[in-house]
Peer 1: 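Here it is, the structure, as C-alpha cells.
Proteins get letters first, then strands, A, B, ... in listed order; numbering begins at 1 in each. Reckoned from all heavy atoms, side chains included, excluding hydrogens, waters and symmetry mates.
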Amino acid sequence: MIATGSSAQPILEVHGLSVNVYKGEHRVPLLQDVSLQLVCGETLGLVGRSGSGKTTLALSIMRLLDAGFEISSGEILFKGQDLLRASSSEMRRLWGRHISMVFQEPYSALNPLADIGTQIGEVMQEHLGCTRAQARQRAAELLCDLDVDQPELRLRQYPHQLSGGQRQRALIAAALAGAPEILIADEPTTALDPVAQIQILNQLRDCCLKREISLLLISHDIPAVVALADFVVVMETGSIIEAGPVAHIIEAPMASPTKELLQAARRFSKSAILATI
Amino acid sequence: MALLEVRQLRKLFSGTRFSRTGQVIHAVDSVSFEVENGESLGVVGESGSGKTTLARCILRLLEPTSGEIFFESEDLLSLGGGELRRMRRKLQAVFQDPFSSLNPRMRAAQIVEEPLIIHRLGNPQQRRSRVEEMFHMVGLETEGLCRFPHAFSAGQRQRIALARALVCGPSMLIADEPLAALDLVSQESLLTLMERLKLEMKISFLFISHGVVSAARLCERIAVMWRGRLVEVAPARVLFTSPLHPYTRALLRAVPDLEGAKNLRAPEPPDRTLRLGELYEASPGHWVAA
C-alpha cells in the first residue's frame with residue numbers, strides 16, 4: 001500500500017522498506033514493507049504507539065541507523081535519488097541542506113560543549129558558505145522567528161543553561177538553518193508542558209509554511225498531528241496499517257489501533273473532562 | 001486534622017561556587033496547602049515551576065529551606081532515620097522515569113517485595129502471595145514476576161513501580177509525572193488503573209503532572225503552580241469552568257481538543273515579571289493569587 005495525499009509531486013518516497021536488527025543470531029524485524037510518500041510542501045503525520053517503528057523509519061530515511069541494523073529491502077527516493085545507495089559524502093551534502101531532522105530528546109541531541117550559536121551556525125557555514133559572523137547573525141534571526149527571547153544572549157549560552165522549551169527551539173533552529181526542503185520532526189514536543197507544546201507546534205508550522213518545507217511529523221500525540229498534518233499514516237508493530245487525509249482518519253478510522261489512539265486522545269480532551277467531572 | 005499539611009514551604013537553591021552570578025533560585029516559595037483523608041490533589045504547572053521540588057521536599061529527598069510539613073499529624077521535618085522509615089510505609093512515591101526508578105539487577109518480584117522486607121511485614125510465604133496479589137492488582141501477568149525490568153515496556157514498568165509503592169498499603173501516594181514517559185494509549189490505561197486503585201485501596205494521591213486533564217480525572221482538587229508559587233487552588237470542576245489566574249487560563253486554553261485542533265492558537269502565558277501576591281479565597285474552596 002502506498003500512502004499518498006494527492007497527485008502532487010512527491011519529494012520523498014519510501015517503497016517496500018524492511019529493516020531488521022540482529023540480537024545475537026536472532027533476526028528481529030523492525031519495519032516490514034513500509035511505503036509512504038511525502039508531497040512537496042505538505043505535512044505528513046506519522047503516528048503510532050511507542051515501539052511501533054516510527055523512529056526507526058525516520059532514522060532509516062536519514063541513513064542514521066546504527067551498525068546492528070540491516071535494511072533488507074526497499075528504496076528511499078529523495079527527488080528520485082535512492083538514499084539507500086548514496087555514499088557518505090553524498091549524505092553529508094544532503095543533511096541539513098536538503099533533509100533535516102529534529103531529534104526526540106533536545107538535551108542529548110545538542111552538543112554540551114558548544115554554545116548554541118555555534119551549533120545553529122555550523123550548518124550555514126558548512127552548506128551556505130557563510131562566515132562565522134554571518135552565520136551567527138542569521139542564527140539570531142532564526143531564534144527570533146521561533147519567539148526565543150533575548151536571542152543574542154542565547155547564542156552565547158550552552159545547552160544546560162536553557163530551559164526545555166528553549167532547547168527544543170534551538171534544535172529546530174539548527175534543523176532549519178540550512179534551509180532544507182524536508183524536515184523530519186520526531187516527537188518535537190512530547191517532553192514539554194502543554195503551553196510550550198502549543199507554542200512550538202505553532203512556530204514549527206509557521207516556519208514550514210514560510211519556507212515551503214515539507215514536514216514529516218512523528219508523534220503519538222494525535223491532537224498535535226491533527227493540528228499540523230494534511231495527511232496521516234498510522235504504524236503498528238513495524239507496518240503501516242492505515243493512511244489517509246487527517247479529517248478522514250479522525251472521523252472514520254478503520255484499523256483498531258487507530259481507533260485505540262483516537263479514543264485515548266479523546267479521553268484526554270477538554271470536552272471529555274467537562275462531561276465527567 | 002488533614003492527612004497532609006504543608007505550611008509556608010520554601011526551597012532555595014543558591015548558585016554553586018562555579019556560578020558567576022551567585023544567583024539564588026526560589027524553586028518553591030511560600031507554598032501552603034492541605035490534603036484531607038481520602039482526597040486527592042493534583043499539582044499542575046509548566047516545566048520548571050517547582051512541582052518536582054515540592055514533591056521531593058515532602059518525601060524528604062530534599063531538605064526544605066524553611067516551612068513545615070505535617071503528615072498524619074506528625075511533623076515530617078523533625079523525624080530522624082528510623083522514624084522517617086516507618087513513616088514512608090504510609091507515604092510512598094512513583095517517579096517520572098520508569099527506566100531509572102527500577103533497579104535493573106533485581107527481578108520484578110524482588111522489586112515489589114523489597115518494601116515488605118524493609119518494613120518487616122509477613123513471612124516469606126505471605127510476602128510472595130502479597131506480591132502476586134499486587135501484580136494482579138496492577139494488571140500484570142504473574143509470568144513476569146521473575147523477569148528483570150528491561151524485559152518490560154515503559155507502561156509495564158510504571159505498573160511495577162506502582163505495585164512497589166502500594167504493597168505496604170500506604171495512605172498517600174506521591175506520583176511525580178507518572179504518565180510523562182508513556183504514549184497516549186499507555187497513559188490512558190495507567191490513569192484508568194490509578195483511578196480504580198484510588199477507590200479500591202482508599203489512597204490519597206498527590207498527583208504531579210503538566211497534564212491538567214489527567215489531574216482532573218484523578219483528583220478532586222487541583223493546585224496550579226507557577227514560578228515556584230501556588231497561583232490557584234480549586235475543585236477540578238471549578239478550575240475548568242471558571243479559572244481566575246492568567247496562567248491557569250493559558251494552561252486550560254492549551255488543553256488539546258481533537259475536534260478544534262486544526263485552529264491551533266498559542267495561548268499567551270502571562271508576563272513572567274507579574275508580581276504574585278498571597279492566595280485569597282475568591283469563592284468557597286477556590287483560592288487564587290492576588
Side-chain angles (χ1 to χ4, degrees), chain A residues 47-52 54 147 149 161 163-168 187 190-206 219-230 236 246-247 250-251 257 259-274 276-277, chain B residues 19 44-49 51 153-155 177 179-189 191-192 195 209-217 219-220 222 226 235-241 247 249-270 272:
Chain A
V47 304
R49 300 194 53 177
S50 11
S52 59
K54 308 185 295 292
D147 273 342
D149 61 325
Q161 292 170 306
S163 71
Q166 287 167 338
R167 260 182 235 143
Q168 192 70 64
E187 306 275 11
T190 26
L192 303 169
D193 63 74
V195 177
Q197 271 188 18
I198 274 218
Q199 287 172 331
I200 288 187
L201 286 174
N202 250 304
Q203 289 148 3
L204 193 61
R205 180 180 61 181
D206 292 348
S219 187
H220 65 253
D221 185 3
I222 302 275
V225 171
V226 173
L228 262 65
D230 303 289
E236 172 83 1
V246 169
I250 296 284
E251 277 155 30
K259 290 179 189 163
E260 221 174 61
L261 274 165
L262 285 168
Q263 199 184 8
R266 287 215 165 85
R267 291 216 56 190
F268 283 107
S269 72
K270 209 184 299 185
S271 34
I273 191 70
L274 281 172
T276 51
I277 58 171
Chain B
S19 78
V44 301
E46 62 185 345
S47 0
S49 62
K51 308 183 298 285
S153 70
E177 302 267 18
L179 307 177
L182 311 179
D183 68 46
L184 266 181
V185 179
S186 313
Q187 285 189 19
E188 167 60 33
S189 66
L191 189 62
T192 309
E195 288 178 87
S209 172
H210 51 232
V212 60
V213 170
S214 34
R217 277 175 55 184
C219 307
E220 292 82 14
I222 295 183
W226 190 53
R237 180 161 191 85
V238 176
L239 194 86
F240 269 87
T241 48
Y247 180 71
R249 291 191 187 152
L251 191 65
L252 289 175
R253 269 200 300 275
V255 172
D257 228 341
L258 218 47
E259 273 60 42
K262 259 301 180 208
N263 358 324
L264 181 75
R265 268 179 310 130
E268 279 299 316
R272 301 195 67 81

Peer 1: Around Gln263(A), counting heavy atoms of other residues, nucleotides and ligands shown, do more than 12 lie under 6.0 Å from its CD?
Peer 2: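 It does not: Gln263(A) CD has 12 such atoms or fewer within range.
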
Peer 1: So for Ser50(A), is it side chain, backbone, both, or neither that comes closer than 4.5 Å to the heavy atoms of chain B?
Peer 2: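 Both backbone and side chain.
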
Peer 1: Under a 4.5 Å heavy-atom cut-off, does chain B meet the side chain of Leu192(A), its backbone, both or neither?
Peer 2: backbone

Peer 1: Locate the shortest heavy-atom distance separating Glu236(A) from Ser52(A); write the atom from each residue and the value.
Peer 2: CA-CB, 3.9 Å

Peer 1: First locate atom OH of Tyr247(B), then atom CG of Leu252(B), and finally report the distance between them rounded to the nearest 0.5 Å.
Peer 2: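 Tyr247(B) OH to Leu252(B) CG: 10.0 Å, rounded to 0.5 Å.
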
Peer 1: Counting heavy-atom pairs under 4.5 Å with chain B, which one of Ser219(A), Ala264(A), Ala265(A) comes out on top?
Peer 2: Ala264(A)

Peer 1: Which region of Leu191(B), side chain (C-beta onward) or backbone (N, CA, C, O), has a non-hydrogen atom less than 4.5 Å from a non-hydrogen atom of chain A, or is it both or neither?
Peer 2: side chain

Peer 1: Could you tell me which portion of Ile273(A) (side chain, backbone, both or neither) has an atom closer than 4.5 angstrom to a non-hydrogen atom of chain B?
Peer 2: side chain

Peer 1: Where do Lys51(B) and Gly45(B) come nearest, in terms of heavy atoms and distance?
Peer 2: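 That would be NZ-O, 2.8 Å.
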
Peer 1: Based on non-hydrogen pairs under 4.5 Å, which of His220(A), Gln197(A), Arg266(A) is most in contact with chain B?
Peer 2: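 Option with the greatest count: His220(A).
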
Peer 1: Identify which of Arg49(A), Gln203(A), Glu187(A), Glu251(A) forms the greatest number of heavy-atom pairs closer than 4.5 Å to chain B.
Peer 2: Arg49(A)

Peer 1: Relative to chain A, which segment of Ser49(B) carries a heavy atom at a distance below 4.5 Å: side chain, backbone, both, or neither?
Peer 2: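 Nothing of Ser49(B), per the 4.5 Å heavy-atom cut-off to chain A.
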
Peer 1: Looking only at heavy atoms, what is the nearest atom pair of Ala229(A) and Val246(A), with distance?
Peer 2: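 In this case the closest contact between Ala229(A) and Val246(A) is O-CG2, 3.1 Å.
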
Peer 1: In terms of heavy-atom pairs under 4.5 Å with chain A, which of Glu177(B), Glu46(B), His210(B) leads?
Peer 2: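 Most heavy-atom pairs within the cutoff with chain A belong to His210(B).
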
Peer 1: Which residue is it: Val47(A), Thr190(A), Ile222(A)? I am looking for the one with a side-chain contact (heavy atoms from CB on, under 4.5 Å) to Leu184(B).
Peer 2: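 Testing each of Val47(A), Thr190(A), Ile222(A) against Leu184(B), the sole residue satisfying side-chain contact (heavy atoms from CB on, under 4.5 Å) is Ile222(A).
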
Peer 1: Roughly how far, to the nearest 0.5 Å, is the OG atom of Ser214(B) from the CZ atom of Arg267(A)?
Peer 2: 11.5 Å

Peer 1: Report which part of Ile250(A) has an atom under 4.5 Å of a heavy atom belonging to chain B: side chain, backbone, both, or neither.
Peer 2: side chain

Peer 1: Just do the salt bridge (Lys or Arg N to Asp or Glu O under 4.0 Å) check on Glu188(B) and Arg217(B) with the steps written out, would you?
Peer 2: CA-CA 11 Å; Glu188(B) 167 60 33; Arg217(B) 277 175 55 184; 3.0 Å; yes

Peer 1: Between Glu220(B) and chain A, which part of the residue has a heavy atom less than 4.5 Å away: side chain, backbone, both or neither?
Peer 2: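 Neither the backbone nor the side chain of Glu220(B) comes within 4.5 Å of chain A.
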
Peer 1: Side chain from CB out, backbone as N, CA, C, O: work out which of these in Ala196(A) comes under 4.5 Å of a heavy atom of chain B, or both, or neither.
Peer 2: neither

